J.: 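Take this structure first; my questions come after.
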Amino acid sequence: KAGVTQTPRYLIKTRGQQVTLSCSPISGHRSVSWYQQTPGQGLQFLFEYFSETQRNKGNFPGRFSGRQFSNSRSEMNVSTLELGDSALYLCASRGGGLTDTQYFGPGTRLTVL
Amino acid sequence: KNEVEQSPQNLTAQEGEFITINCSYSVGISALHWLQQHPGGGIVSLFMLSSGKKKHGRLIATINIQEKHSSLHITASHPRDSAVYICAVTNEKLTFGTGTRLTIIP
């Protein structure tokens, strides 16, 4: 089975722009979660989608949004980028149960200038 | 106070040494995960525990639900074990510890 894939792997944007990141889960997995990793805050949960519905959400401003398509692929959007949004954005997929093992993608490294 | 605390933050050891990384949490959980992150960012899930002990090769993970504590042990450590080890707990969502940076010197 192919692993979780994320595109693009690297991205450079300027303040005020918006960005869309994509995540393709492992085939058959219905849950996709997104995480932000920064040196200062470590790993933080952004949101989880299951069967096209947001199942859970972390403590991030409304500039961060996501969606999931019927094929379980997910996108994450950040609008009005700030310097502090520079981070590694990771997605992870799992079958669907809350205690199922999560499989992480390689991440998208976003730099905001 | 963080919901998930790890210790130590950094650990340097000689090849062959027995390694222990600790994780304490303060919330109710349905499962605890140990993750490994190598330079470059990729994260691999090592263990998921809800009770007892699990072993995979040279890695052993234990959890004490009553004490809200878990340990990750590495036996016969090797330089390729050098990575950041992250504890995470599931209570509707994943909440992460700050990680332990392990360096094994040949």
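Owing to the predicted nature of the structure, the values given are computational and were not obtained by experimental measurement. Letters go in sequence order (proteins before strands), and every chain restarts at 1.
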J.: Which bit of A:Q37 is near chain B, if near means a heavy-atom gap under 4.5 Å: side chain, backbone, both or neither?
T.: side chain

J.: Taking side chain as everything from C-beta outward and backbone as N, CA, C, O, which of these in A:F47 sits under 4.5 Å from a heavy atom of chain B? Side chain, backbone, both or neither.
T.: neither

J.: For atom CZ of B:R58, is the number of surrounding heavy atoms from other residues, nucleotides or ligands below 6.0 Å larger than 12?
T.: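 Correct, the count exceeds 12.
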
J.: Would you name the heavy atoms of A:L90 and A:Q6 that are closest together and state the gap between them?
T.: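 Taking every non-hydrogen atom into account, CA-OE1, 3.7 Å.
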
J.: Below 4.5 Å from any heavy atom of chain B, which atoms of A:L88 appear? Answer side chain, backbone, both or neither.
T.: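 For A:L88, side-chain heavy atoms alone lie under 4.5 Å from chain B.
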
J.: Testing the 3.5 Å rule here: is there a donor-acceptor pair between the side chains of A:R67 and A:S74?
T.: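 Result is no, nothing qualifies.
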
J.: For residues 98-106 of chain B, which side-chain N or O atoms pair as donor and acceptor with protein atoms under 3.5 Å away, sequence neighbours left out?
T.:
residue: B:T100; atom: OG1; partner: B:Q6; partner atom: NE2; Å: 3.2
residue: B:T100; atom: OG1; partner: B:P8; partner atom: O; Å: 2.6

